[in-house]
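Each remark here refers to the structure printed beneath this line.
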Amino acid sequence: MVDARSWGERDAAVVWHGFTQMASYLDNEPIIVEAGEGHEVIDVEGRRYLDAISSLWVTTLGHRVPELDQAVRDQIDRIAHSTLLGNGNRTVIELAEALAAVVPVDRPHFLFASDGAAAVEQALKIAFQYWVNRGVTGRSGYLTLGHAYHGDTVGSLSLGAGGFGTDLFDPLRFGASAPAAGSAVVRAPGYDDPDALAVAVRLVDEHGARLAAVVLEPLVQGAAGMLVADPGAYGPLVEACRRHDVLLICDEVATGFGRTGTLFASEQCGLRPDLMAIGKGLTGGYLPMSATVAADRVYQAFLGPDLSERTFYHGHSFSGNALAAAVALRHLQLVDERQVLANVRARAATLARLAAERLAPLGAVADVRLCGLMGGVELAPPADGLRWGRRVCAAAVRRGVLLRPLGDVVVLMPPLTVTDDEVERIVDTLAAAVVEVAGSEGPMG
Ligand SMILES: *Cc1c(COP(=O)(O)O)cnc(C)c1O
(Lines give C-alpha, C1' and ligand atoms only; values in the text may rest on other atoms or scores of the structure.)
Protein backbone atom coordinates (compact mmCIF):
# COMPACT_ATOMS: atom_id res chain seq x y z
CA MET A 1 0.00 0.00 0.00
CA VAL A 2 2.11 2.93 -1.21
CA ASP A 3 -0.52 5.05 -2.91
CA ALA A 4 -1.18 8.40 -1.20
CA ARG A 5 -4.79 8.45 -2.38
CA SER A 6 -5.68 5.17 -0.75
CA TRP A 7 -3.95 6.20 2.46
CA GLY A 8 -5.92 9.42 2.27
CA GLU A 9 -9.15 7.52 1.96
CA ARG A 10 -8.31 5.28 4.89
CA ASP A 11 -7.37 8.40 6.83
CA ALA A 12 -10.61 10.23 6.05
CA ALA A 13 -12.65 7.15 6.92
CA VAL A 14 -11.48 7.00 10.54
CA VAL A 15 -9.38 10.02 11.56
CA TRP A 16 -11.10 13.28 12.45
CA HIS A 17 -8.58 16.10 11.87
CA GLY A 18 -8.67 19.22 14.03
CA PHE A 19 -9.57 22.57 12.47
CA THR A 20 -10.33 20.67 9.25
CA GLN A 21 -13.54 20.32 7.27
CA MET A 22 -13.54 16.58 6.72
CA ALA A 23 -16.02 16.76 3.82
CA SER A 24 -13.36 18.48 1.73
CA TYR A 25 -10.28 17.06 3.45
CA LEU A 26 -9.22 14.93 0.51
CA ASP A 27 -9.94 17.69 -2.05
CA ASN A 28 -7.21 19.73 -0.40
CA GLU A 29 -4.68 17.01 -1.17
CA PRO A 30 -3.31 16.36 2.31
CA ILE A 31 0.14 14.85 2.47
CA ILE A 32 0.25 11.62 4.39
CA VAL A 33 3.55 11.49 6.23
CA GLU A 34 5.36 8.26 6.80
CA ALA A 35 8.78 9.47 7.94
CA GLY A 36 10.94 12.49 8.50
CA GLU A 37 14.59 13.38 8.14
CA GLY A 38 16.22 16.59 9.28
CA HIS A 39 14.10 19.48 8.11
CA GLU A 40 12.00 17.38 5.76
CA VAL A 41 8.95 15.18 6.09
CA ILE A 42 8.55 12.27 3.69
CA ASP A 43 5.16 11.07 2.50
CA VAL A 44 3.92 7.52 1.85
CA GLU A 45 5.07 7.77 -1.76
CA GLY A 46 8.57 8.93 -0.82
CA ARG A 47 8.09 12.60 -1.75
CA ARG A 48 9.99 15.02 0.45
CA TYR A 49 8.76 18.36 1.76
CA LEU A 50 10.73 21.03 3.56
CA ASP A 51 8.82 21.45 6.84
CA ALA A 52 8.44 25.24 6.86
CA ILE A 53 5.75 25.12 9.55
CA SER A 54 7.74 22.94 11.96
CA SER A 55 4.79 20.55 12.24
CA LEU A 56 2.56 23.34 13.46
CA TRP A 57 5.27 25.22 15.37
CA VAL A 58 6.51 22.41 17.58
CA THR A 59 9.63 21.12 15.82
CA THR A 60 12.78 22.99 16.77
CA LEU A 61 15.86 21.04 15.64
CA GLY A 62 14.22 19.01 12.90
CA HIS A 63 12.99 15.45 12.68
CA ARG A 64 14.88 12.37 13.85
CA VAL A 65 17.58 14.23 15.68
CA PRO A 66 20.00 11.43 16.68
CA GLU A 67 20.51 12.74 20.23
CA LEU A 68 16.78 13.12 20.84
CA ASP A 69 16.07 9.68 19.38
CA GLN A 70 18.70 8.30 21.74
CA ALA A 71 17.16 10.09 24.74
CA VAL A 72 13.86 8.32 24.03
CA ARG A 73 15.61 4.95 23.70
CA ASP A 74 17.55 5.42 26.92
CA GLN A 75 14.46 6.44 28.85
CA ILE A 76 12.36 3.61 27.48
CA ASP A 77 14.87 1.18 28.95
CA ARG A 78 14.08 2.69 32.35
CA ILE A 79 10.36 3.53 32.30
CA ALA A 80 7.99 5.25 29.88
CA HIS A 81 5.65 6.81 32.39
CA SER A 82 4.96 6.98 36.08
CA THR A 83 2.39 9.24 37.70
CA LEU A 84 3.33 12.53 39.32
CA LEU A 85 0.17 12.60 41.44
CA GLY A 86 1.64 12.16 44.89
CA ASN A 87 4.85 10.54 43.62
CA GLY A 88 7.97 11.58 41.74
CA ASN A 89 10.07 10.58 38.77
CA ARG A 90 13.83 11.02 38.52
CA THR A 91 13.93 12.27 34.92
CA VAL A 92 11.18 14.80 35.60
CA ILE A 93 13.14 16.16 38.57
CA GLU A 94 16.21 16.56 36.37
CA LEU A 95 14.15 18.32 33.70
CA ALA A 96 12.53 20.70 36.19
CA GLU A 97 15.94 21.55 37.63
CA ALA A 98 17.31 22.28 34.16
CA LEU A 99 14.28 24.40 33.24
CA ALA A 100 14.42 26.25 36.55
CA ALA A 101 17.86 27.55 35.61
CA VAL A 102 16.62 29.16 32.38
CA VAL A 103 12.99 30.29 32.73
CA PRO A 104 12.41 34.01 33.42
CA VAL A 105 10.35 33.23 36.51
CA ASP A 106 11.45 33.79 40.12
CA ARG A 107 12.23 30.53 41.98
CA PRO A 108 10.00 28.54 39.63
CA HIS A 109 7.85 25.48 40.26
CA PHE A 110 6.63 23.32 37.39
CA LEU A 111 3.19 21.76 37.00
CA PHE A 112 3.37 19.55 33.92
CA ALA A 113 0.59 18.77 31.44
CA SER A 114 0.49 17.62 27.84
CA ASP A 115 -0.88 20.45 25.71
CA GLY A 116 -0.42 24.19 25.62
CA ALA A 117 -4.12 24.72 26.26
CA ALA A 118 -3.89 22.64 29.43
CA ALA A 119 -0.91 24.69 30.63
CA VAL A 120 -2.92 27.89 30.11
CA GLU A 121 -5.95 26.30 31.79
CA GLN A 122 -3.81 25.41 34.81
CA ALA A 123 -2.40 28.94 34.94
CA LEU A 124 -5.79 30.59 34.94
CA LYS A 125 -7.09 28.24 37.66
CA ILE A 126 -3.96 28.74 39.75
CA ALA A 127 -4.36 32.52 39.43
CA PHE A 128 -7.97 32.25 40.57
CA GLN A 129 -7.19 30.01 43.54
CA TYR A 130 -4.17 32.11 44.50
CA TRP A 131 -6.52 34.89 45.55
CA VAL A 132 -8.95 32.50 47.24
CA ASN A 133 -6.10 30.96 49.22
CA ARG A 134 -4.97 34.39 50.28
CA GLY A 135 -8.48 35.22 51.47
CA VAL A 136 -8.94 37.99 48.92
CA THR A 137 -12.43 38.08 47.42
CA GLY A 138 -13.65 39.39 44.08
CA ARG A 139 -10.51 38.64 42.09
CA SER A 140 -11.91 36.44 39.35
CA GLY A 141 -11.47 38.56 36.23
CA TYR A 142 -8.77 38.36 33.59
CA LEU A 143 -7.42 41.03 31.33
CA THR A 144 -6.47 39.65 27.93
CA LEU A 145 -5.76 41.08 24.50
CA GLY A 146 -7.63 41.35 21.24
CA HIS A 147 -6.73 38.62 18.72
CA ALA A 148 -5.39 36.54 21.62
CA TYR A 149 -5.12 32.80 21.18
CA HIS A 150 -4.46 30.60 24.19
CA GLY A 151 -5.78 27.19 23.12
CA ASP A 152 -9.04 25.38 22.57
CA THR A 153 -10.23 24.14 25.96
CA VAL A 154 -13.15 26.15 27.31
CA GLY A 155 -11.05 28.10 29.79
CA SER A 156 -8.26 28.95 27.36
CA LEU A 157 -10.88 29.71 24.70
CA SER A 158 -12.45 32.18 27.11
CA LEU A 159 -9.18 34.06 27.43
CA GLY A 160 -8.78 34.01 23.66
CA ALA A 161 -10.47 36.52 21.43
CA GLY A 162 -12.34 34.01 19.29
CA GLY A 163 -12.15 33.73 15.54
CA PHE A 164 -11.16 30.65 13.52
CA GLY A 165 -14.83 29.67 13.51
CA THR A 166 -14.89 29.34 17.31
CA ASP A 167 -17.40 32.12 17.93
CA LEU A 168 -20.24 29.63 18.16
CA PHE A 169 -18.76 28.57 21.49
CA ASP A 170 -19.37 32.03 22.94
CA PRO A 171 -22.16 30.75 25.23
CA LEU A 172 -19.61 28.39 26.79
CA ARG A 173 -16.89 31.01 27.25
CA PHE A 174 -16.84 32.52 30.73
CA GLY A 175 -17.05 36.28 30.91
CA ALA A 176 -18.01 36.71 27.28
CA SER A 177 -21.76 37.04 27.72
CA ALA A 178 -21.78 38.95 31.00
CA PRO A 179 -18.73 41.20 31.07
CA ALA A 180 -20.06 43.03 34.13
CA ALA A 181 -20.18 39.83 36.18
CA GLY A 182 -17.40 38.73 38.49
CA SER A 183 -15.51 36.34 36.24
CA ALA A 184 -15.31 38.87 33.44
CA VAL A 185 -12.75 38.88 30.71
CA VAL A 186 -11.64 42.46 30.12
CA ARG A 187 -10.09 42.86 26.69
CA ALA A 188 -7.51 45.37 25.51
CA PRO A 189 -6.68 45.66 21.80
CA GLY A 190 -4.25 43.27 20.10
CA TYR A 191 -0.76 44.06 18.88
CA ASP A 192 -2.06 45.41 15.56
CA ASP A 193 -3.04 48.48 17.60
CA PRO A 194 0.07 50.44 18.61
CA ASP A 195 -1.81 51.55 21.76
CA ALA A 196 -2.64 48.00 22.87
CA LEU A 197 -0.38 48.01 25.92
CA ALA A 198 -1.27 51.58 26.89
CA VAL A 199 -4.96 50.67 26.82
CA ALA A 200 -4.17 47.55 28.85
CA VAL A 201 -2.57 49.79 31.50
CA ARG A 202 -5.70 51.96 31.66
CA LEU A 203 -7.90 48.87 31.97
CA VAL A 204 -5.76 47.47 34.79
CA ASP A 205 -6.06 50.82 36.57
CA GLU A 206 -9.83 50.72 36.10
CA HIS A 207 -10.52 47.06 36.89
CA GLY A 208 -7.46 46.10 38.95
CA ALA A 209 -9.32 45.21 42.14
CA ARG A 210 -11.32 42.51 40.40
CA LEU A 211 -8.58 41.09 38.19
CA ALA A 212 -6.94 37.79 39.08
CA ALA A 213 -4.41 38.17 36.30
CA VAL A 214 -3.31 39.81 33.08
CA VAL A 215 -2.74 37.18 30.40
CA LEU A 216 -0.69 37.84 27.30
CA GLU A 217 1.43 36.34 24.57
CA PRO A 218 4.70 38.25 25.01
CA LEU A 219 6.18 39.92 21.91
CA VAL A 220 4.24 38.01 19.24
CA GLN A 221 0.60 37.04 18.89
CA GLY A 222 1.16 33.96 16.77
CA ALA A 223 -2.23 32.59 15.84
CA ALA A 224 -3.43 36.16 15.26
CA GLY A 225 -1.24 36.10 12.16
CA MET A 226 2.12 37.04 13.70
CA LEU A 227 1.33 40.43 15.20
CA VAL A 228 4.51 41.81 16.75
CA ALA A 229 4.70 44.18 19.73
CA ASP A 230 7.45 46.63 20.66
CA PRO A 231 9.49 44.72 23.27
CA GLY A 232 10.29 48.01 25.01
CA ALA A 233 6.64 48.84 25.62
CA TYR A 234 5.79 46.45 28.47
CA GLY A 235 7.20 48.45 31.39
CA PRO A 236 4.08 50.48 32.21
CA LEU A 237 1.92 47.32 32.17
CA VAL A 238 4.27 45.60 34.60
CA GLU A 239 4.05 48.70 36.80
CA ALA A 240 0.25 48.67 36.64
CA CYS A 241 0.14 45.01 37.63
CA ARG A 242 2.39 45.80 40.57
CA ARG A 243 0.29 48.84 41.55
CA HIS A 244 -2.91 46.82 41.66
CA ASP A 245 -1.31 43.55 42.77
CA VAL A 246 -2.51 41.72 39.64
CA LEU A 247 -0.72 38.52 38.59
CA LEU A 248 0.97 38.41 35.19
CA ILE A 249 0.58 35.25 33.09
CA CYS A 250 2.78 34.95 30.00
CA ASP A 251 1.70 32.41 27.41
CA GLU A 252 5.01 31.36 25.85
CA VAL A 253 3.59 28.24 24.23
CA ALA A 254 4.43 29.57 20.75
CA THR A 255 7.30 31.95 21.56
CA GLY A 256 9.22 29.73 23.97
CA PHE A 257 12.37 27.72 23.30
CA GLY A 258 14.15 30.10 20.99
CA ARG A 259 11.57 30.95 18.37
CA THR A 260 12.04 34.71 18.69
CA GLY A 261 15.83 34.67 19.12
CA THR A 262 15.95 34.43 22.91
CA LEU A 263 15.05 31.31 24.84
CA PHE A 264 11.85 33.04 25.95
CA ALA A 265 10.25 36.16 24.47
CA SER A 266 9.60 37.49 27.98
CA GLU A 267 13.35 38.13 28.28
CA GLN A 268 13.28 40.63 25.39
CA CYS A 269 10.21 42.32 26.86
CA GLY A 270 11.72 42.66 30.34
CA LEU A 271 8.95 40.47 31.77
CA ARG A 272 9.23 38.14 34.75
CA PRO A 273 5.76 36.62 34.89
CA ASP A 274 4.15 35.15 38.00
CA LEU A 275 2.88 32.30 35.85
CA MET A 276 4.09 31.14 32.48
CA ALA A 277 2.72 28.54 30.09
CA ILE A 278 5.17 26.57 27.96
CA GLY A 279 4.49 23.81 25.45
CA LYS A 280 5.07 23.35 21.72
CA GLY A 281 8.91 23.42 21.48
CA LEU A 282 9.50 22.03 24.99
CA THR A 283 10.31 18.52 23.71
CA GLY A 284 11.71 19.75 20.40
CA GLY A 285 8.41 18.66 18.88
CA TYR A 286 8.86 15.01 19.81
CA LEU A 287 6.24 14.33 22.43
CA PRO A 288 3.28 16.16 23.91
CA MET A 289 4.41 17.98 27.01
CA SER A 290 3.57 21.38 28.44
CA ALA A 291 3.99 23.03 31.80
CA THR A 292 2.69 25.84 33.93
CA VAL A 293 5.58 27.60 35.60
CA ALA A 294 4.68 29.29 38.89
CA ALA A 295 6.82 31.85 40.69
CA ASP A 296 7.54 30.99 44.30
CA ARG A 297 5.24 33.71 45.63
CA VAL A 298 2.29 32.10 43.84
CA TYR A 299 3.32 28.58 44.84
CA GLN A 300 3.68 29.55 48.52
CA ALA A 301 0.00 30.53 48.68
CA PHE A 302 -0.92 26.90 48.04
CA LEU A 303 0.99 25.47 51.00
CA GLY A 304 -1.02 24.37 54.02
CA PRO A 305 -2.12 21.32 56.00
CA ASP A 306 -2.34 17.96 54.20
CA LEU A 307 -5.63 17.51 52.32
CA SER A 308 -6.55 21.12 53.06
CA GLU A 309 -8.49 23.37 50.76
CA ARG A 310 -5.29 25.21 49.88
CA THR A 311 -4.21 22.29 47.68
CA PHE A 312 -4.42 22.72 43.92
CA TYR A 313 -6.95 20.04 43.03
CA HIS A 314 -6.05 19.63 39.41
CA GLY A 315 -3.89 17.14 37.53
CA HIS A 316 -3.61 15.24 34.28
CA SER A 317 -2.96 11.52 33.83
CA PHE A 318 0.14 12.10 31.73
CA SER A 319 1.51 15.01 33.75
CA GLY A 320 5.30 14.68 33.75
CA ASN A 321 5.50 11.80 31.30
CA ALA A 322 8.99 10.38 31.63
CA LEU A 323 9.64 9.82 27.91
CA ALA A 324 8.66 13.40 27.17
CA ALA A 325 10.75 14.64 30.08
CA ALA A 326 13.82 12.76 28.85
CA VAL A 327 13.53 14.33 25.39
CA ALA A 328 12.82 17.78 26.81
CA LEU A 329 15.91 17.55 29.01
CA ARG A 330 18.18 16.49 26.14
CA HIS A 331 16.58 19.11 23.91
CA LEU A 332 17.38 21.88 26.35
CA GLN A 333 21.03 20.77 26.36
CA LEU A 334 21.15 20.66 22.55
CA VAL A 335 19.71 24.17 22.21
CA ASP A 336 22.73 25.28 24.17
CA GLU A 337 25.35 22.93 22.64
CA ARG A 338 24.34 23.75 19.08
CA GLN A 339 24.07 27.48 19.72
CA VAL A 340 20.56 27.42 18.36
CA LEU A 341 19.70 30.94 19.50
CA ALA A 342 22.58 32.37 17.47
CA ASN A 343 21.33 30.44 14.45
CA VAL A 344 17.81 31.79 14.94
CA ARG A 345 19.09 35.37 14.98
CA ALA A 346 21.33 34.92 11.94
CA ARG A 347 18.71 33.08 9.87
CA ALA A 348 16.06 35.59 10.97
CA ALA A 349 18.19 38.32 9.42
CA THR A 350 18.39 36.37 6.17
CA LEU A 351 14.65 35.77 6.22
CA ALA A 352 13.95 39.46 6.82
CA ARG A 353 16.26 40.53 4.00
CA LEU A 354 14.93 38.04 1.45
CA ALA A 355 11.30 38.64 2.41
CA ALA A 356 11.80 42.39 1.94
CA GLU A 357 13.43 41.84 -1.45
CA ARG A 358 11.27 39.10 -2.89
CA LEU A 359 7.91 38.98 -1.09
CA ALA A 360 7.02 42.48 0.10
CA PRO A 361 7.20 44.02 -3.42
CA LEU A 362 4.64 41.58 -4.82
CA GLY A 363 1.30 43.27 -5.43
CA ALA A 364 -0.49 40.28 -3.93
CA VAL A 365 1.37 40.67 -0.62
CA ALA A 366 -0.16 43.18 1.80
CA ASP A 367 2.28 42.87 4.70
CA VAL A 368 5.23 40.85 5.95
CA ARG A 369 5.59 40.48 9.73
CA LEU A 370 8.63 38.79 11.22
CA CYS A 371 10.08 38.19 14.65
CA GLY A 372 12.95 35.75 14.91
CA LEU A 373 11.88 32.67 12.99
CA MET A 374 8.16 33.42 13.37
CA GLY A 375 6.76 34.97 10.23
CA GLY A 376 3.45 35.92 8.69
CA VAL A 377 3.02 36.96 5.06
CA GLU A 378 -0.36 38.58 4.71
CA LEU A 379 -1.84 38.26 1.25
CA ALA A 380 -4.01 40.92 -0.38
CA PRO A 381 -6.73 39.11 -2.28
CA PRO A 382 -8.77 41.47 -4.44
CA ALA A 383 -12.02 40.02 -3.09
CA ASP A 384 -13.18 37.97 -0.11
CA GLY A 385 -13.59 34.24 -0.24
CA LEU A 386 -10.86 33.50 -2.79
CA ARG A 387 -9.10 31.31 -0.21
CA TRP A 388 -5.77 32.67 -1.38
CA GLY A 389 -4.02 31.53 1.78
CA ARG A 390 -5.08 27.97 1.18
CA ARG A 391 -4.32 28.06 -2.55
CA VAL A 392 -0.91 29.71 -2.17
CA CYS A 393 0.11 27.13 0.41
CA ALA A 394 -1.12 24.30 -1.83
CA ALA A 395 1.02 25.70 -4.67
CA ALA A 396 4.03 25.78 -2.32
CA VAL A 397 3.38 22.20 -1.21
CA ARG A 398 3.34 21.10 -4.87
CA ARG A 399 6.80 22.69 -5.08
CA GLY A 400 8.01 20.70 -2.08
CA VAL A 401 7.71 23.26 0.71
CA LEU A 402 5.16 22.48 3.41
CA LEU A 403 3.21 25.61 4.36
CA ARG A 404 -0.13 26.17 6.05
CA PRO A 405 -2.02 29.45 6.27
CA LEU A 406 -3.97 31.21 8.99
CA GLY A 407 -6.73 32.60 6.79
CA ASP A 408 -4.93 34.77 4.23
CA VAL A 409 -1.74 34.93 6.27
CA VAL A 410 0.91 32.43 5.17
CA VAL A 411 2.82 31.31 8.25
CA LEU A 412 6.60 30.91 8.02
CA MET A 413 7.82 28.85 10.95
CA PRO A 414 10.93 26.94 9.87
CA PRO A 415 12.91 24.74 12.25
CA LEU A 416 15.30 26.74 14.44
CA THR A 417 18.26 24.99 12.81
CA VAL A 418 17.20 26.03 9.31
CA THR A 419 20.04 27.01 6.94
CA ASP A 420 20.36 30.11 4.75
CA ASP A 421 19.83 27.97 1.64
CA GLU A 422 16.62 26.57 3.09
CA VAL A 423 15.40 30.04 4.05
CA GLU A 424 16.00 31.15 0.48
CA ARG A 425 14.17 28.12 -0.86
CA ILE A 426 11.18 28.85 1.36
CA VAL A 427 11.02 32.51 0.30
CA ASP A 428 11.45 31.76 -3.40
CA THR A 429 8.91 28.95 -3.32
CA LEU A 430 6.39 31.17 -1.57
CA ALA A 431 7.02 33.99 -4.06
CA ALA A 432 6.44 31.60 -6.96
CA ALA A 433 3.29 30.25 -5.32
CA VAL A 434 1.94 33.77 -4.76
CA VAL A 435 2.60 34.72 -8.38
CA GLU A 436 0.94 31.52 -9.59
CA VAL A 437 -2.23 32.07 -7.58
CA ALA A 438 -2.46 35.87 -7.87
CA GLY A 439 -1.52 35.76 -11.55
CA SER A 440 -4.47 33.52 -12.28
CA GLU A 441 -6.75 36.12 -10.63
CA GLY A 442 -5.88 38.87 -13.09
CA PRO A 443 -3.19 41.55 -13.30
CA MET A 444 -1.39 42.30 -10.07
CA GLY A 445 1.48 44.69 -9.42
C1 LIG B 1 -0.57 26.65 20.16
C2 LIG B 1 -0.83 27.62 21.26
C3 LIG B 1 -1.56 27.26 22.41
C4 LIG B 1 -2.24 25.92 22.52
O5 LIG B 1 -1.34 24.87 22.58
P6 LIG B 1 -1.88 23.38 22.24
O7 LIG B 1 -0.70 22.51 22.53
O8 LIG B 1 -2.25 23.40 20.80
O9 LIG B 1 -3.04 23.12 23.11
C10 LIG B 1 -1.69 28.17 23.43
N11 LIG B 1 -1.14 29.38 23.34
C12 LIG B 1 -0.43 29.78 22.27
C13 LIG B 1 0.17 31.13 22.25
C14 LIG B 1 -0.26 28.91 21.18
O15 LIG B 1 0.40 29.31 20.10
Side-chain angles (χ1 to χ4, degrees), residues 16-20 53-60 111-127 142 144-166 169 173 185 187 190-191 196 213-229 248-260 264-266 268-269 271 273 275-293 316 318-319 321 324 327-328 369 371-376 404-407 409 411-413 416:
W16 190 346
H17 295 256
F19 280 105
T20 302
I53 49 169
S54 294
S55 285
L56 221 81
W57 321 1
V58 302
T59 307
T60 55
L111 182 64
F112 290 98
S114 303
D115 292 290
V120 171
E121 199 84 19
Q122 292 182 154
L124 83 88
K125 287 177 71 179
I126 290 170
Y142 299 84
T144 75
L145 303 184
H147 306 300
Y149 177 76
H150 296 291
D152 291 316
T153 57
V154 171
S156 58
L157 201 61
S158 302
L159 300 178
F164 307 112
T166 65
F169 294 119
R173 297 165 73 209
V185 170
R187 202 170 296 283
Y191 294 155
V214 167
V215 187
L216 51 83
E217 296 157 84
L219 195 55
V220 188
Q221 292 187 300
M226 307 304 150
L227 302 176
V228 184
L248 175 64
I249 302 176
C250 282
D251 178 352
E252 290 247 19
V253 172
T255 48
F257 298 96
R259 216 5 102 186
T260 68
F264 296 98
S266 293
Q268 290 175 62
C269 303
L271 298 172
L275 290 157
M276 187 167 95
I278 54 178
K280 289 198 170 100
L282 171 55
T283 63
Y286 265 54
L287 285 160
M289 176 178 250
S290 65
T292 308
V293 192
H316 295 284
F318 283 100
S319 170
N321 176 261
V327 184
R369 295 183 290 269
C371 181
L373 288 176
M374 290 180 90
R404 185 183 153 82
L406 286 162
V409 177
V411 173
L412 299 180
M413 197 74 84
L416 305 185

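It should be emphasised that the depicted structure is a prediction, and the values quoted were computed from it without experimental measurement. Counting starts at 1 for both ligands and their atoms, following the listed order.
In summary, the aromatic rings of Phe257 and Phe264 are positioned with their centroids under 6.0 Å apart.
Between the side chains of Ser54 and Arg259, a donor-acceptor pair is found at a separation under 3.5 Å. Checked by atom type, the side-chain pair Glu252/Ser266 shows a donor-acceptor distance below 3.5 Å.
Closer than 4.0 angstrom to ligand 1 lie heavy atoms from Trp57, Asp115, Gly116, Ala117, Tyr149, His150, Gly151, Glu217, Asp251, Val253, Ala254, Lys280.
Using a distance-only test at 3.5 Å, with no hydrogens or angles considered, no donor-acceptor pair links the side chain of Ser55 to the main chain of Val58.
A side chain to side chain contact (heavy atoms under 4.5 Å, CB included) with Leu216 holds for exactly one of Leu248, Ile249, Leu159; it is Leu248.
If you take OG1 on Thr60 and CG on Leu373, they are separated by 11.5 Å, rounding to the nearest 0.5 Å.
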